[in-house]
Every structure is written in C-alpha cells, then in structure tokens.
Trainee: 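Sharing a structure below in structure tokens format, with a few things to ask.
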Amino acid sequence: MRSTLRGWGGVTAMAVVCALVAFIALCLPRTAVTTDGRAATRTAHTTPTAQTKADEDCDDPEKQTLAPSSADGDTIQAIKNREGEKRKLIVGVDQNSYRWGYRNPNSGRTAELEGFDIDLVHRIAEDILGDPNAVQFKAIPTDQRIPAIKDGRVDMVVRTMTINCARIKDVAFSAPYFKTGQQVLAPKSSPVKGYDDTLANRRICTAAGSTAYSTLEADQKKGELPSTTDISTTVPNQLDCLVRLQLGEVDAVVTDGALAASQAAQDPTVQLKGEAFTAEYYGVAMKKDADDLVRRVNQILVDYRGDTANGWQASYDKWLSATLGKDAKKSEPPAPEYLRRT
Amino acid sequence: MTYPPKSSAPPPGPNLPTLPAVPAQPAPPAPAPTGTGTGTGSSPTPPPTPRRRTAFAEGFDQLRAAATTEPGRLRIIGALLALLVIAFGSVTAWQMTARATAADDVLTSSQPLSSDAADIYRSLADANTAASSGFLAGGQETAATRDRYEKDIRTAAEKLVNAAANADPDSPSTATIAKLNRLLPEYKGLVERARTYNRQGFPVGGAYLRYANEKMQQQMLPAAEDLYKKENQRLRADYADATPYPWAAIALGVAALAALAWAQHRTYQRTNRVLNHGLVAATATATVVLLWLVVGHSVARAGLNDSYDHGVRSLNVLHDARIASLKARGNENLTLVARGAETKKVGDETYDAYDYDFGTDIKALGRHLAAAGKLADDTSGEQPVTAAVGNMKEWQKRHTAAREQDENGNYQQALDRVIGPRGATGECFDSVDKNLHTALVHEETEFKRAAGDGRDALTGLAAGAAVLAVLGAAGAVLGIGRRLSEYR
C-alpha cells in the first residue's frame with residue numbers, strides 16, 4: 001500500500017515539475033518582451049534630453065554657418081558630373097505640408113510638388129545646374145531627415161527644418177531662411193488657451209524627431225509644462241497630428257507656428273492658441289563636410305532675399321500670406337551672420 | 001437471491017433455507033432452485049461473507065442451461081445473429097452519416113467559406129490598392145478606381161455576413177469576423193474623409209489615407225489572413241472526417257456474414273437442408289449492405305480525394321497567387337506614394353522598402369503560378385495560368401522601366417508607367433488578376449464536380465443500411481424460428 005502511494009507521489013512530483021517548467025517557459029519570453037519594450041522607450045526618451053543639453057552647450061546655432069561663396073568645390077562638381085537623366089539635384093522635402101511642400105490634388109494630372117520650400121529648391125537647382133526643374137524630390141519623414149543626409153541618399157534637405165545645436169553636430173546648415181516658433185493648435189471650442197497650465201490633463205500630439213517633441217519633453221522635466229500633460233503621441237509627420245486631433249485621439253497639437261497655421265488653414269474649426277513660445281529658424285541642411293555646397297547655398301539665399309521680383313518675398317506672398325498674414329516681418333529671418341570658420 | 005428479513009433473528013447461514021428457528025444442525029442438502037445450477041450451501045461451515053450473485057452471472061448460467069438443449073441453442077444463435085446484423089447496420093448508418101455530413105460540409109460549407117475568406121482578403125487588399133492608386137499617387141480619383149473600390153468594399157461586407165452566418169458562435173473565426181466587421185466601417189470612414197479633403201485640395205486628405213492604409217495593413221489584412229487560415233483548417237478537418245475507411249462497420253459486416261455462414265452450415269449439418277430462407281435473406285441483405293458500404297465509400301473517397309488534389313490544392317495555390325499579385329501591386333503603388341520615405345537595409349545595400357517588398361511579392365507570385373501550372377490537369381485550367389505568367393513577365397519588364405524613371409527623378413513619367421491609362425503596369429496587374437479569376441472559376445467547377453460525385457456516392461447509404469439491417473435481422477430471426485418450430 002505504502003509503495004503504491006510512493007509511486008503516485010513520484011508521478012505527482014513529476015507533474016508539478018512539468019507544470020512549473022511549462023509555466024516558466026511561457027512566462028519568461030513575455031516578461032523579456034516587456035522589459036525590452038520599456039528599455040526601448042526609455043532610450044527614445046533620453047535622446048532628446050541629450051539634445052537639450054547640447055542646446056545649452058551652444059549659442060546661436062543659426063549663426064554657425066560658412067560665409068557665402070559661388071565657387072564650385074568637390075560636392076558641387078560631383079553633382080554637376082551626374083550623367084544624362086541623372087544630372088539632378090537630389091533633395092529631401094515634405095509632401096504633406098500645406099503651402100510649404102505638398103502636392104495639390106487639384107493642379108491637374110501632374111504630380112508636381114509645390115510650396116514655399118519647393119520654390120527655394122527650384123531656385124537652388126537653377127543656380128547650380130542651370131535648370132530649375134533638374135531636381136529629384138524625395139519625400140522623407142521628420143525623423144529621417146538627418147539619416148537621409150548622413151547616408152548620402154539626398155544632397156540636401158529643404159523641409160521646414162529647424163536649425164538647432166543637436167542637429168549641427170550631425171549636419172551642416174545654411175543661414176536661416178525663415179523665422180518661426182513653437183505654437184499650440186487646438187479646436188476653437190477647447191479650454192486650452194496656449195502653452196500654459198490649461199494643458200494639464202490634455203493629450204498633445206507631436207511629430208517624432210521634431211523640435212516640438214524635444215521642447216515639450218525638456219519643459220516637462222523643468223516643470224514648465226504640467227506633469228499631467230500626456231505627450232506620448234508621436235506621428236511620422238506633423239500633418240498626421242491634425243488627423244489625430246480631428247478623430248479626438250489628442251486634445252492639442254504642438255508644432256512650428258508656420259506649420260500649425262497650415263493645419264488651421266485646412267480645418268476652420270481649429271486655431272492657434274497663444275503666442276509662439278520659442279524662436280526658431282529654418283535652414284537648408286547638407287552633409288557635414290559639404291563646405292562648398294553650404295557656401296553656395298548661403299550665396300543663393302543672399303540673392304534670393306534680395307530678389308524682390310521673383311525671390312523670397314514673392315514666394316511668401318504666393319504661398320504663406322494667406323495663412324501667416326500679409327506682413328512678412330514676423331517670419332523674416334535675421335540678417336545672416338557667418339560665425340563658422342571650418 | 002435476496003433474503004427478506006422474516007424475523008428479527010439473523011439467519012444462521014447465507015444459503016440455508018428459511019426454517020423454524022431450531023438449534024443449529026447440519027443442514028440437509030437443499031433442493032436446487034429451478035432452472036439454475038446454483039450451488040447450495042451444503043458445506044458444514046457456512047461461508048464467512050454472504051455472496052450475492054450478479055444478474056450477468058445468473059443470465060450466463062441460464063444461457064448455459066439453455067445451451068444444453070437444441071431449442072435453447074437455436075434461440076441463442078437466432079438472438080446473436082439478429083444482434084450482429086443490427087449492430088452492423090447501425091454502426092454502418094452511424095459511421096456513414098458522419099462521413100456523409102462531413103462530405104456535405106466540404107462541398108456546401110467549408111470549401112465555400114474558405115473561398116469566401118480568400119475573397120474577403122482579396123477585396124480588402126484590392127480596395128486599399130484602388131484607394132491609394134485612386135488619388136494618393138496623383139490627382140483626383142477616376143470613376144473606374146472609385147467603382148472598383150466601392151465594389152470591393154461591397155464584396156467584403158457581403159462575404160463577411162456570409163462567413164458570420166456560417167461560423168459557430170464562440171469560435172475564434174467568429175471573433176475574427178466580428179473584428180473585421182468593426183474595422184471595415186472605420187476604414188471606410190477614414191477613406192471618405194480623405195476623399196473630401198482631397199477634393200478641397202488639402203494634403204490632410206493624404207494623411208487620412210495613410211492612416212486608413214495603416215489600419216488596413218496592420219489590423220485588417222492580418223485578421224483576414226487569419227480567417228482564411230482558420231477556414232482552410234476547417235476544410236481540411238472536414239476532409240479528414242469524410243475520407244477514412246469505416247473499419248468498424250466493415251469488421252462488423254464481415255463478422256455478421258461469417259456468423260450467418262456458420263449458422264447455415266450448422267443447419268445443413270443437422271438437417272441436411274441446404275437452404276433456410278430466412279438465413280439466406282439475412283445473408284443477402286448483409287452482403288448488399290457490406291458491398292454498398294465498401295463500394296460507396298470507395299467511390300466517395302476517390303471523388304473527395306480527387307476534389308482535394310485537383311480542386312482544393314489548385315484553388316489554394318491560385319488564391320495565394322492572387323494575394324501575392326495584389327500585395328505586389330499595393331507595394332508598387334506605395335513606392336510612388338511614399339516617394340523614398342521608407343528604406344530597408346539588406347546586408348550592406350539600402351533599398352526602397354516598398355520596392356524591395358514588391359520584388360519579394362513578384363517572386364512569390366511566380367512561385368505560386370508555377371505550382372498552379374503543375375497542378376492544372378487540363379488545358380482549360382492550364383491556359384489562364386500560362387497567360388498569367390506571360391502578364392507577370394510583362395509586368396516585371398514595365399516595372400523595371402518605371403523604376404528607372406523614378407530613380408532618375410522623372411516622377412511624373414514613373415507615375416504614368418504605373419497608373420497611366422496605356423502601357424502601364426496597372427494593365428499587367430489587371431490581366432494577371434483576370435486570368436487568375438478565370439482559373440479560379442475553372443478549378444472551382446472541377447472541385448464542385450468531384451466533391452459532388454463523392455458526396456452523392458454516399459446518398460442513402462446510412463438509411464439504406466439501417467433498413468436493410470432491420471430486414472436482415474428479421475430474416476435471421478424468422479429463419480431460426482422456422483427451425484425452432486420443428487421442436488414443438
């Protein structure tokens with residue numbers, strides 16, 4: 001009798017061990033995944049902090065550029081040496097920013113991009129290659145702008161790109177060609193009044209890898225933005241934020257005032273709330289060592305600003321005056337300074 | 001044997017007949033109760049515990065007693081024969097009902113549902129492709145792409161209702177169908193918003209379309225694929241239920257026939273009479289049932305196997321090919337829509353993510369088409385597949401040309417070569433799709449014919465077996481009864 005009991009004891013023990021092993025085997029990968037996920041988000045969140053630190057390290061990033069020159073160097077020569085159909089300037093742009101870089105579906109059956117940024121691209125192409133249309137446009141998401149330049153997939157990026165200290169470590173910027181600042185966009189009926197305590201308990205949408213996100217992240221650390229504000233919604237393009245806002249998935253959008261105005265222009269029920277809470281400058285981004293191209297673009301920008309008939313002001317009037325106001329004063333970049341020596 | 005308590009005093013021994021209470025003395029040998037050979041408690045020492053006999057043991061003893069006389073033996077033989085024949089008939093009826101039901105399910109339920117699931121996937125993917133080529137890749141959508149999109153959505157909605165009606169409640173399929181039913185209006189809503197904004201010339205329309213595309217790619221298509229897989233599993237399970245040999249019925253049939261043969265042989269030996277009408281009738285019916293069972297099932301099995309080999313397998317491969325061509329077309333469009341936004345690193349090379357996926361899909365299409373060509377067993381099945389292969393080759397050629405234009409920065413030319421009205425890859429995709437549709441219709445007919453033949457071979461088998469078994473059993477009983485009457 002006892003021996004049979006002992007036999008059963010062994011079986012039970014084995015069954016228990018099996019069950020334990022199965023349980024552990026089933027649970028372990030799951031825990032591993034969650035820890036991985038957490039680790040991934042954590043790194044994603046620390047990067048912008050590093051950027052903010054870099055911001056504090058440097059003064060006036062918009063002045064860290066090379067003096068203008070029309071001389072051809074290696075980079076320009078390489079572009080000019082492209083053969084036949086390939087003799088084009090490859091430029092990273094946006095195709096979703098209303099009046100900056102977008103495709104107008106009603107412009108007939110052409111798929112041409114148009115907007116303020118696109119005008120500038122054509123100007124640069126005309127100057128370098130003698131043909132304003134010698135451009136190959138590549139649409140790139142916000143967080144791919146720097147990798148696209150570093151990998152050499154594009155010659156330059158003209159895509160409402162803010163000049164900041166973190167970015168000048170990776171790429172070279174031209175002198176600023178536009179002035180803007182971060183602004184809050186929310187429905188007209190929303191209690192959100194601006195970049196202040198009315199954002200408490202609200203969900204904010206930003207583009208992944210944008211200055212808007214890194215600013216929010218830094219301000220929340222410093223306590224300037226309520227800690228209850230949820231800034232976890234990030235999307236590939238600032239325009240995707242308008243979709244989330246309309247679908248009620250977020251309560252407000254933070255992006256450059258220039259782009260926020262473009263969003264408001266597409267939906268009359270939303271508006272800009274409060275004033276811009278940062279000052280930022282858009283620049284043309286190029287490869288870090290493409291000195292001749294940077295100088296050339298700076299020269300083109302000087303000419304573009306000076307050209308009253310067909311330059312900066314004309315492009316502003318055509319694309320932006322409707323959304324940003326007839327007076328371009330607020331958007332005009334400061335007189336360029338060229339403090340970078342090497 | 002029970003011991004009703006007759007007095008408060010316990011009986012002195014278990015097997016002692018009830019006697020007036022007298023002092024214990026050696027019990028006289030008790031007379032055996034009629035008809036049973038039960039041991040009498042004649043032993044001087046009564047057994048320590050009262051032993052109760054089971055009904056079975058008693059029945060067995062009765063049988064043994066009956067077996068000592070010829071009429072008794074005949075009764076037993078008659079009962080056993082009737083029992084065997086009835087058992088044969090009912091097991092046949094039971095096993096064949098299960099198989100006939102499964103065969104009917106294959107033809108009328110699980111295969112159509114598996115086709116429906118493939119259609120749901122196809123319609124959803126095609127709707128998404130139509131929406132994106134409609135206006136993401138350039139300008140306002142044309143009437144043709146709009147109609148195509150609307151038709152696809154309608155098809156998907158109809159097939160989903162059909163699938164829901166045929167799925168068991170609480171099954172995983174039902175959950176998947178419910179999910180798709182929930183997502184479809186959400187998707188449609190996003191596309192409608194995209195259309196409205198697009199008409200107004202606002203790029204936020206494109207953003208809505210991207211969002212809709214994301215919903216389709218990340219939630220709806222995986223769910224549809226899952227449904228397709230589940231319905232295919234169900235189809236295979238039905239095949240597995242319909243085709244195995246009914247061994248139990250066959251074994252019982254053989255046993256019944258052997259017993260009948262033995263009984264007739266025995267009758268012959270005892271009476272020198274060659275034919276006993278009842279037993280002959282029983283043998284005849286049992287033989288008919290067994291033959292019907294074996295032949296009917298073999299024919300059904302052959303038909304079903306044929307429908308699987310030449311129908312289902314071809315259909316699966318063709319469905320896979322169609323899905324691969326849809327995916328390829330979708331990625332071809334997205335390459336132009338994304339305009340270089342997404343890249344993928346394979347080894348040291350960087351590729352456009354969508355163009356890379358297009359390459360994978362086209363390769364898969366080629367593989368599936370080759371398999372479909374091998375499985376096609378007649379010219380009318382082969383012809384559309386061969387044509388589709390030709391379309392695919394032309395598609396690849398045109399695609400390369402379109403990519404070259406895009407790589408050179410001639411976006412508009414690239415666009416014209418992909419969604420343009422003439423000479424575009426869209427034509428090739430449409431031809432591939434049309435040819436695959438023709439092939440699918442053909443294979444579907446083949447499947448229906450073979451599976452229908454298979455199922456029809458089982459018609460009436462269960463009911464016939466039951467009726468014949470009852471007749472056979474009656475024959476056996478009557479035949480034995482006739483012999484039995486000779487003893488009266």
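Throughout, a chain's letter reflects where its sequence line sits, starting with A, and its residues are numbered from 1. The figures that follow rest on heavy atoms only: side chains count, while hydrogens, waters and symmetry mates do not. Computed from a predicted structure; not experimentally measured.
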Trainee: Given a strict heavy-atom distance threshold of 4.5 Å, which part of B/Asp406 is in contact with chain A: side chain, backbone, both, or neither?
Mentor: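 For B/Asp406, the backbone is the part near chain A, not the side chain.
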
Trainee: Contact part of B/Tyr208 toward chain A, heavy-atom cut-off under 4.5 Å: side chain, backbone, both or neither?
Mentor: both

Trainee: What distance do A/Leu245 atom CG and A/Ile204 atom CD1 have between them, rounded to the nearest 0.5 Å?
Mentor: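 Nearest 0.5 Å value for the CG-CD1 distance: 11.0 Å.
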
Trainee: With no hydrogens and no angle check, do the side chains of B/Trp395 and B/Glu332 hold a donor and an acceptor under 3.5 Å apart?
Mentor: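 Yes, because at least one side-chain N or O of B/Trp395 sits under 3.5 Å from a partner of the opposite role on B/Glu332.
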
Trainee: What residues form a ring pair (Phe, Tyr, Trp, His ring centres under 6.0 Å) with B/Phe202, not counting sequence neighbours?
Mentor: A/Tyr98

Trainee: Please identify, among A/Arg99, A/Arg244, A/Arg87, the residue contributing the most non-hydrogen atom pairs under 4.5 Å to chain B.
Mentor: A/Arg244

Trainee: Less than 4.5 Å to any heavy atom of chain B: does that hold for the side chain of A/Asn133, its backbone, both, or neither?
Mentor: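 Contact with chain B: none, neither part.
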
Trainee: Residues two or more places apart in sequence or in another chain: which of them pass side chain to side chain donor-acceptor pair (under 3.5 Å) with B/Glu394?
Mentor: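 For B/Glu394 the side chain to side chain donor-acceptor pair (under 3.5 Å) partners, ignoring immediate neighbours, are B/Arg398.
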
Trainee: In chain order, what residues pass the side chain to side chain donor-acceptor pair (under 3.5 Å) check against A/Arg167, with sequence neighbours excluded?
Mentor: none

Trainee: Is A/Val135 close to chain B through its backbone or its side chain, or both, or neither, when contacts mean heavy atoms under 4.5 Å?
Mentor: backbone

Trainee: Would you say the side-chain atoms of B/Glu150 pair up with the backbone N or O of B/Arg146, donor to acceptor, closer than 3.5 Å?
Mentor: no

Trainee: Give a yes-or-no answer on whether the side chains of B/Asp152 and B/Ser123 include a donor-acceptor pair shorter than 3.5 Å.
Mentor: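 No - no donor-acceptor pair under 3.5 Å links their side chains.
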
Trainee: Which of residues 258-273 of chain A get closer than 4.5 angstrom to chain B, counting heavy atoms alone?
Mentor: A/Ala265, A/Gln266, A/Asp267

Trainee: Centre-to-centre under 6.0 Å for B/His399 and B/Phe429, is that the case here?
Mentor: no

